[in-house]
Amino acid sequence: MNAPMIVAAVVVVVGLSASFAGVAIRGRLRGLVTMGVGTVVMLGVAGPTRPATLGMTLMAGITLAGMLVFARILARLIDGDEPDRRGIDEARR
Amino acid sequence: MTIGAALPVLLLATSLVPAIATFFIPERSHRLRTALNVIAAVVKVVLVGALVAGVLYFGLEFEWRAAFLPGIDLVLRADPIPLLFVFLSALLWLTTTVYAVGYLADDGHRSRFFGFFGLCVTATVGVALAGNLVTFLVFYELLTVTTYPLVVHDGTAKARAGGRAYLLYTLTGGALLLLGTVWLHALAGPLEFGQTEVVGALAVNHRTTLTIVFVILIVALGFKAALVPLHGWLPQAMVAPAPVSALLHAVAVVKAGAYGIVRVVHDLFGLPLAQDLGVLMPLTIVAAITIVYGSTRALIQDDLKRRLAYSTVSQLSYIVLGISVVSLSSTTGGLVHLVHQGIMKVTLFYCAGNLGKRGVHRVSEMDGIGRRMPVTMLAFTVAAVGMVGIPPTAGFVTKWYLGLGAAEAGQPWIIGVLALSSALNAAYFLPPVARAWLPPDPGERSEPTGRALAGEPGGWLLLPPVATAVSVLGLGILAGAPLSPLTWAAFIAEELMPS
Amino acid sequence: MNALAWLAPVALPIAGALLWPVVGPARRWLLVLAPLPALLLGVFGAPGPPPQLNWLLLEAIADLDIGSRPLLVMTAFVWMVAGASARRIGDDRPAFASLMLLTCAGNVGVLLAADVVTFYVMFAWMTFAAYGLVVHHRTESARRAGRVYVVLAVLGEVALLAGLLLAATHAGTTAMPEVAGSLATAPGRSMIIGLLIGGFGVKVGLVPLHVWLPLAHPAAPVAASAVLSGTMIKAGLVGWLRILPLGEVALPGFGATLIGLGLVGAVLGVVAGTLQSDPKVLLAYSSVSQMGLITTAVGLGLVLPDDATAAVFAAVAYAVHHGIAKASLFLGVGVHKAGTRGWSHRTLLAGMGLAALALAGAPLTTGWIAKQTLKSVADALPEGGGQPLTLALSLAAAGTTVLMVRLLWLVREPSGPRSSPRSDAPADARGVIAPWASIVVAVAVGGWLLPLAVPDAPSLLPLTTSGLWDGLWPVLLGLVPCAGWLRYRPDRRLARASPRPAIPAGDLLLLIERLAPAVSIPAWWLLHRFDAMERRARTFQDVGRVTVRPGALIDHLEDRLTGWRTAGALYVLIGIAVTVALALGTA
Amino acid sequence: MSELSLAAGVLVLVVAGPLLGAVLAVADHGHASSRLVGLVTGLIASAVTVLSVTVAGSGTPLTLVLLAGPGLELTLVADGLAVAMVVMTTIVAIAVAGFATSEDRESPQARHPRFWPVWFALWSALHLLFLAGDLLTAYLMLEAIGVAGAALVSLDGRRHTLLAATRYLYAELVASMTVLAGIALIWHQTGSLRFAELGPELSAHPEGWLALGVVTAGLLLKLPLAPVHLWLPAAHAWAPSAVSPILSAVVVKSAFAVLIRLWFLASPGLVTRHGAQLLGSLGVVAIVWGSVVALRSAHLKQLIAYSTVSQLGFLMLLVPLMQAGSADAWRGGVLYAVAHALAKAALLMAAAVIAEDAERPDVEAVIGAVTRRPLAVFAIGVAALSLVGLPPSGGFVGKWYLLVASLRTGQWWWLPPILVGSLLTAGYLLKLLKRAFATDDLATSRPTASPVAGVGAAPEAAAEPADVGFDARGALALALALVTVVIGVRPAALLELIDIGAPLVTGGG
């Protein structure tokens, strides 16, 4: 675990806790983005700078970005906040 | 697929195929459904006859084996003991089908009923013919599952409560049986019935584990054999329609439990090992307690079918008692009671069904019913007298052999138990008979409330009880005859007894 | 042919019973002819040895030993006579007729059976078929009598079954002679013999177990009572004679108890009998008393093994005599109840007087012969034990005389053709007199035929003068108190005013019936509570619906668990746990 | 060469087939006609059959390297586990396809333009995931499945489905990123992500455990394993009736396959007893907690969702038994996964059919269903057989091996959870069956039968003909359920397939 990986790991953990602790959907979304950036950076600095690492980081980054955009679209579709609990009871009403 | 292997499978098929076919018969075509089921039942009885003749007279070997799990086979083998049970279930399936046709004349779900009915008998035959413990487990669980829809056939709240209790007990029993089977399999590898030496060899260094496994197996089977603490479901499952109570609680389900205990004690562990492990005496004690407990509880049941249910609880333990006492006569008694109890109890349930059709559900409502339903009550009287063990009925033969065996084995206290239970049986079976034939004051006999329609039910409902009642007497009087269940049981007992 | 001779006595009545509803008007003769094969077998014996019947029951064996042959003749004869007088009842109640035939089959079967199982089957068959006869009238008293009869019958049967099982196991076979023989050396012999004595004692009317007899016999119609008291009561005696190890071993203990209980029975029968107002109950108590005497004979057999054959013969002789005499008396009461006028009443009184004399043991009657043989056996008692016993027997004879006078007193007025619907015999007595007359003749003649029927009967016939006097003085002694009573009897109205007898029928029973509730009510209450408790417990099984509370807890916990914050915390926790587990765990 | 190329071709077809379907569906602007769906499904089915036959015949895993480039590696490994999972997915997919097409006429969502393309894409991602030979492909497919699943759930745009989908997607995102972080660590420590190669170096590396721990944590959330099952109830309860079978039966198995492949095929060296026992005990928690909540739930689909949570607990029991070195555990666990998938899909289809009739989502919808939908109720019955583990069903065989393994490896403490779990499963399935047979007062929602008192309640249903028309979808559900019975009676073939390429275990069964 070289030094930059540790910094990226810290960012991941911060993002993780923000995504769970986040108050509203937006709060959680921000947490997820932070965590995403952290993991991609972590992957990027992980291996010796060989084309493989670069390729993987690129691919992982693109897919993560896609997911986050989809999450953003869903968040916008839901007007109002998302319930905290198991998401069944309120949904039924 | 030699004839030796074909017959057992054919035996299974004769009730499986019609059952599945019956599911698809539309509700309206009664005749087709009735014909299919009755013919299937007759064919099965003929096949069983051929099987019995083959085994007893020509000494043929019938076995069907198919790979189930790697290293474990599904085995159907027609040894003498299975034949006894198959013979009983085939015969009583025929009579109960005839009875059910009459009983459910105005029921809306007959295709469903006869379908599951056939599946239940297939499972029973499977349980009987099972050659090893795994096959036994497979059909044992299949029996539990196929009988549930029958118990809740009426769909009322009470039926469902009965069904729930039934499944709660029997599934727990099934889980324990699975545990016991797996444990034995892990210890001894694949295990066939009859190879008692395999388990015997294990006993050298696995004494405690084998005892634990034995206890687990007996408790698991005890749920269906209604040993005392585990009998709770039986009285509640009485909500089922009469033909279901007749077949389930006289032949299929409860007998599977008792039969299982017979197989485990004799064909799996073997009597000498069981005796050596010292597990037989507790089993005898539990059986004795169940006998007395069942009879006392039956004393105060006013509902007729619940009284019969508690009587079944008590009578089943005669079989277990007979098996667990180490002597030739008591083993014979236990085995023959497998057949006798079935036939007597089925008759009682048929009559209870007929009475039910006429609105008589409780013993207190049976005053003077003898005059209005003489044939049904005659059959009921014969079977009741049989249950009490008054000669010359089949019940007496069992009591005689159990008593003889107990004395031979040097446990005279069992004769005390038999005596007490006979007295108790008399106390709860004879009064209803007396009330039926001798209403309190013939002058102004209180006509039971308008509900009870006069007269006997139709032919379909009368034929089975009469047939089985006659056989109760026949088995008693002709007990010594060459092909009677008694000689057959004695033949088996000689084989089983080590001495 | 030989098999037919052996099987017909039992098979014909059974066939008759089953075919009764089918057979046309000729069936009225079936009742009379059913016992005929048994009579022929008894009198002429069978051409060959008994056939092997191992397909029947459990290897049934039939045999006719010396003791039971005369009994068979008597039983068959009494059954024919009873059948004849019951023909009219049979017409309107087919059930009664078939039950009579079934009981006859059982009664005859008991005498023919030679193996323990068949004996027990026939014994039980007879007992439970007789229940139908007892409750024939369906009155409340008949039902109560039936109830008591069944309860005691079941207890008796159960004790008998236990005893026979233990005996048969020790003997290793079911043949009765061997079982009796091996009983002498059986471990736990006293328990087995106790059970057997109790089991048969119920049927014989041994004192504490006799309570059903005074209730059941009168409740049944007259023809049935005749058979119940005449022949069926003897089945218990046959059981004792065949199964107890008479002649093999001396059982002073059991012998003494039997003799004691016999004498108590004799006295109780006389005392309670005289106080009765219903002639049939009186006769029932007389049966208890007479069977008490027979029990003493059996007791003697047990005490003196070498005199056992004499004791057996005495018992059999007495049983035959009592059977015929008692049956004739019961039938006489039947004729009386049926209504007799003028000369028929007088002949009735004469006939019943003759039977009464026989029963009392007046000289030259069958009763006298039987009593004398009994006394001769008693004399053989060692160290002078015989004297008090013969005295007791004579006093019993005196008592019987008193009883008989009371009976004749009760029957003295001609009871015109009352047309009460309840009368169990038809208004006109024609159908009943003929059979009654035939049995009275038998009473007169029977005594002398006895030695002929049993060729090698010991020459005990006491034709000496002392024997005659010995028979006469008890009768005279009995007549003295009767004369006194006749002379100074209290006002007629008082006698009739209190119809309830001082000791009601079934003496000890009333005591038991009062005590029973103290036990049965709490037992019933306990059982019901247990039942209710189990029904309440069942609600526990409805896991889903037990109470709302646990359900709500689960829902609440689940909601929190799936909330973001808790889930997040749990997720991190699990991640760390797994990583740590992988780090420090051994490979 | 020809032999290899045929197999290679088939492998590619298996993975690419569904993609082809997706493209065609998009080309047909979403309204895939049943003919098109039938054609593509048939093609894929035949390809999968050929694949399984060749792999079973050869007895050895089939590997194919598609892209060997430094950056982008893509190798397909068709070993026993992969083929079994692919076969399972195909069977369920065929059933769901039939179900969805026959559903076209009634419910709108099947005709939703985005349904068929996404559905085929999901199918293709599943195939690729099971066949993936390296961790990165597996990771990418996990993400694709997550997105496709969420998309399918939020198909009809109603508020509660959107909420469920969001919750599902967020959980998937967090899990994926954790896995990615783990992958980064593995890449850093071993320089290769191929399952076959990363094992030795990882276990040699001092901090190998950290990487495996992080990936496992991510996979547990994706599975989901009980304590962190926050997203499953909502997603599966509100997924449309055509989607929930795939979600509950197959998608949940994707993370499971990756986990056991990683733990036992890739880096068995790293698997420690404590780690395995921890996962096992989490499994037990899942079994108990899932069943208890299922017993309590009144909502039909929620009950089935929690049943999935509980059944996944059973699957996790395989981990400690495998670690103790029992081949039976691998065999039993994988077969149980297949049997559960088929039974759960059948159960969901049957429940969907019945719930549609009653137009009410709660458990009361099933009342009196036996008269209206006999085949569907029968399907529920047979599916229950397998879920509870009663013979003759695949579930029984799976549990049998788990029990034998736990006894043979001496870890007897897994016996009670399995048995009690089975009984609890029976409990909540009985809730459905009990109501299915109800014909009297309980039928408050639909006055199907006026309760006839007195002798034998003969509901006046006898008057109206008891057999409704042949409902195709009920029959389909029943057919799927009967497949588990076939597995239960003849498990030998499937067991041999699963044994191919099974992790080499020392000692044990």
Side-chain angles (χ1 to χ4, degrees), chain B residues 23-28 66-70 72 74 103-104 106-112 134-135 137-142 144-145 148-149 151-161 163-164 167-168 171-172 174-176 178-179 181-183 185-187 241-242 356-359 361 451, chain D residues 331 368 370-371 374 378 381 384-385 388-392 396-397 399-401 403-408 412 415-416 418-420 422-423 426-427 430 433-435 437-443 449 451 454-467 488-492 495-496 509:
Chain B
F23 275 118
F24 295 103
I25 294 178
E27 191 62 30
R28 281 177 309 288
F68 174 47
L69 301 174
I72 304 173
L74 275 179
Y103 188 84
L104 297 169
D106 49 16
D107 183 290
H109 309 290
R110 267 166 295 168
S111 283
R112 185 179 87 206
V134 171
T135 327
L137 172 71
V138 167
F139 284 107
Y140 190 79
E141 294 287 21
L142 201 60
T144 312
V145 171
Y148 175 75
V151 173
V152 291
H153 181 73
D154 287 346
T156 57
K158 227 153 61 70
R160 287 200 305 286
R164 159 200 287 275
L167 270 191
L168 197 65
L171 279 181
T172 322
L176 279 177
L178 175 64
L179 177 61
T181 316
V182 164
W183 201 330
H185 176 74
L187 279 174
K357 278 276 181 190
R358 290 292 171 264
H361 296 288
R451 265 189 303 95
Chain D
R331 205 183 283 165
V370 81
T371 45
F378 208 62
L385 260 183
V388 173
L390 293 170
F396 168 74
V397 174
K399 281 191 176 154
W400 168 270
Y401 276 111
L403 288 169
V404 168
S406 47
L407 271 171
R408 285 245 165 88
W412 51 267
L415 287 175
I418 295 179
L419 294 177
V420 168
S422 309
L423 287 178
L430 178 64
L433 279 172
K434 188 171 75 154
R435 285 171 170 73
F437 283 99
T439 52
D440 63 344
D441 53 350
L442 195 62
V455 174
E460 106 294 282
E464 105 217 16
D467 4 292
V489 175
R490 270 286 183 281
L495 287 172
E496 272 133 33

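We name chains A, B, ... by the order of the sequence lines, and we start the count at 1 in each one.
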(message) Which atoms of D:L385 are under 4.5 Å from chain B, going by heavy atoms: the side chain, the backbone, both sets, or neither?
(response)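 The side chain, not the backbone.
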(message) Between D:L403 and chain B, with a heavy-atom cut-off of 4.5 Å, which part of the residue counts as in contact: side chain, backbone, both or neither?
(response)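 Both parts, backbone and side chain.
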Side chain, backbone, both or neither: which part of [X] has an atom under 4.5 Å from a heavy atom of chain D?
{"X": "B:A159", "answer": "neither"}
{"X": "B:F23", "answer": "side chain"}
{"X": "B:Y140", "answer": "neither"}
{"X": "B:R112", "answer": "side chain"}
{"X": "B:V182", "answer": "both"}

Closest heavy-atom contact between [X] and [Y]?
{"X": "B:A67", "Y": "D:R490", "value": "O-NH1, 3.4 Å"}
{"X": "B:R160", "Y": "D:A438", "value": "NH1-CB, 3.5 Å"}
{"X": "D:P391", "Y": "B:L137", "value": "CG-O, 3.8 Å"}
{"X": "B:A186", "Y": "D:R408", "value": "O-NE, 3.6 Å"}
{"X": "B:P149", "Y": "D:F437", "value": "CB-CZ, 3.7 Å"}
{"X": "B:F68", "Y": "D:V489", "value": "CD1-O, 3.7 Å"}

(request) With rounding to the nearest 0.5 Å, note down the distance linking CG in D:L430 to OH in B:Y148. (result)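 Between atom CG of D:L430 and atom OH of B:Y148 there are 4.5 Å.
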(message) Heavy-atom pairs under 4.5 Å with chain D - which of B:L176, B:L104, B:L171 has more of them than the others?
(response)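 Looking at each of B:L176, B:L104, B:L171 in turn, B:L171 comes out on top.
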(message) Please rank B:T144, B:V134, B:L178, B:L187 by heavy-atom pairs under 4.5 Å with chain D and give me the top one.
(response)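 The candidate making the most pairs under 4.5 Å is B:L178.
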(message) In terms of relative ring orientation, are B:H185 and D:W400 parallel, tilted or perpendicular, with 30° and 60° separating the classes?
(response)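 B:H185 vs D:W400 ring planes: tilted.
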(message) Any non-hydrogen side-chain atom of B:L69 less than 4.5 Å from a side-chain atom of D:P491?
(response)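 Yes; the side chains approach each other to less than 4.5 Å.
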